[in-house]
Amino acid sequence: FRLGISVRCRSSNMPQTSTKTQNVITLRGSTKIITEFFGYAINSILYQRAIYPPSCFTQFQAYGLPMQVTTDEGLKKYLGNVLNQLSEWIVNNLVQQLVLVVCSVETGEPLERWVFQVDADPESGKPGAQARKSEKEIQTEIQAVIRQITASVTFLPIFDEACTFDLLVYTNKDCNVPQAWEESDAKFLSNSSEVKLRSFSTKVHKVEASVSYRSGY
């Protein structure tokens with residue numbers, strides 16, 4: 001079931017028990033990590049692929065990396081609404097994929113497709129369950145994904161036309177859908193090549209990333 005929404009335009013003296021608590025990941029805690037990652041990943045793609053001009057972004061530090069975050073009020077509001085809804089669906093284990101599709105403004109044709117597959121652990125993903133993984137380890141894995149998104153400009157085609165983007169969320173069929181969202185086609189690319197990116201795991205959720213682009217563009 002696809003839903004789419006479019007946009008145009010210790011310290012050493014801390015007790016041992018405190019350190020252990022920091023490594024406990026709950027379903028809600030994992031959801032927060034995943035949602036935050038999606039926010040930075042979307043911003044990074046929009047910046048790196050020049051969907052919005054550089055003047056619409058400012059540098060922000062996250063995951064130990066310099067990140068580009070939009071300053072455009074309309075886009076900030078839009079992404080905030082999307083991420084809030086996405087968080088609600090993730091915590092209820094309703095999300096299968098988040099897909100960002102870059103499309104031609106003139107023709108509407110899909111040119112590039114970024115896919116983030118979300119898989120919840122059968123046991124750790126249950127409400128009330130817990131998993132253990134250090135924040136540092138999770139951050140290191142996320143860093144690797146973000147670095148690949150940043151480096152994507154070295155192998156992805158340069159767009160020679162104005163582009164926009166659509167966000168698609170693959171959900172379970174019993175998902176409660178707000179009126180702002182609507183069922184969408186998959187916006188697959190014809191004659192495309194795919195590049196698998198790194199993945200990361202919170203031990204509650206695993207996110208696998210890939211990007212497809214139209215060959216010969």
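At a threshold of 4.5 Å between non-hydrogen side-chain atoms, the residues Leu27 and Asn93 count as touching. Between Lys77 and Asn81, some side-chain heavy-atom pair lies under the 4.5 Å cut-off. In this structure, Leu167 and Leu86 have side chains that are not in contact, with every pair of non-hydrogen atoms separated by 4.5 Å or more. With a 4.5 Å cut-off on side-chain heavy atoms, Pro157 and Arg214 do not count as touching.
Not counting sequence neighbours, the partners of Thr107 by the side chain to side chain donor-acceptor pair (under 3.5 Å) test are Ser104.
Rounded to the nearest 0.5 angstrom, Asp121 CG and Ser201 OG are separated by 8.0 Å. Between Ile158 atom CD1 and Arg49 atom CZ the span is 8.0 Å, to the nearest 0.5 Å. Separating the CD atom in Glu109 from the CD atom in Glu161 is a distance of 8.0 Å, to the nearest 0.5 Å.
In this structure a side-chain-to-backbone donor-acceptor pair under 3.5 Å is missing from Ser87 to Leu83.
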Quiz item: Between Cys163 and Leu111, is a side-chain contact (heavy atoms from CB on, under 4.5 Å) present by the stated rule, with each step listed?
Solution: CA-CA 9 Å; Cys163 295; Leu111 304 175; 3.8 Å; yes
Practice problem: Apply the test side-chain contact (heavy atoms from CB on, under 4.5 Å) to residues Phe159 and Glu112: give CA-CA distance (whole Å), side-chain angles for both, the deciding distance (0.1 Å), then the verdict. | Solution: CA-CA 10 Å; Phe159 298 129; Glu112 200 167 276; 3.4 Å; yes
Practice problem: Before giving the answer on side-chain contact (heavy atoms from CB on, under 4.5 Å), spell out for Glu141 and Val145 the whole-Å C-alpha distance, their side-chain angles and the decisive distance to 0.1 Å. | Solution: CA-CA 7 Å; Glu141 293 178 4; Val145 181; over 6 Å; no
Practice problem: Begin from the C-alpha positions of Leu98 and Val118 and carry the test side-chain contact (heavy atoms from CB on, under 4.5 Å) through to its verdict. | Solution: CA-CA 8 Å; Leu98 171 67; Val118 182; 5.6 Å; no
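Side chain to side chain, Ser215 and Ser193 meet the donor-acceptor criterion of an N or O pair below 3.5 Å.
Under the 4.5 Å side-chain contact rule for hydrophobic residues, Leu189 and Val195 do not share a cluster.
Relative orientation of the Phe60 and Tyr40 rings is parallel, given thresholds of 30° and 60° on the angle between their planes.
For Glu106, the CD atom is loosely surrounded, since the number of other residues' heavy atoms within 6.0 Å does not exceed 12.
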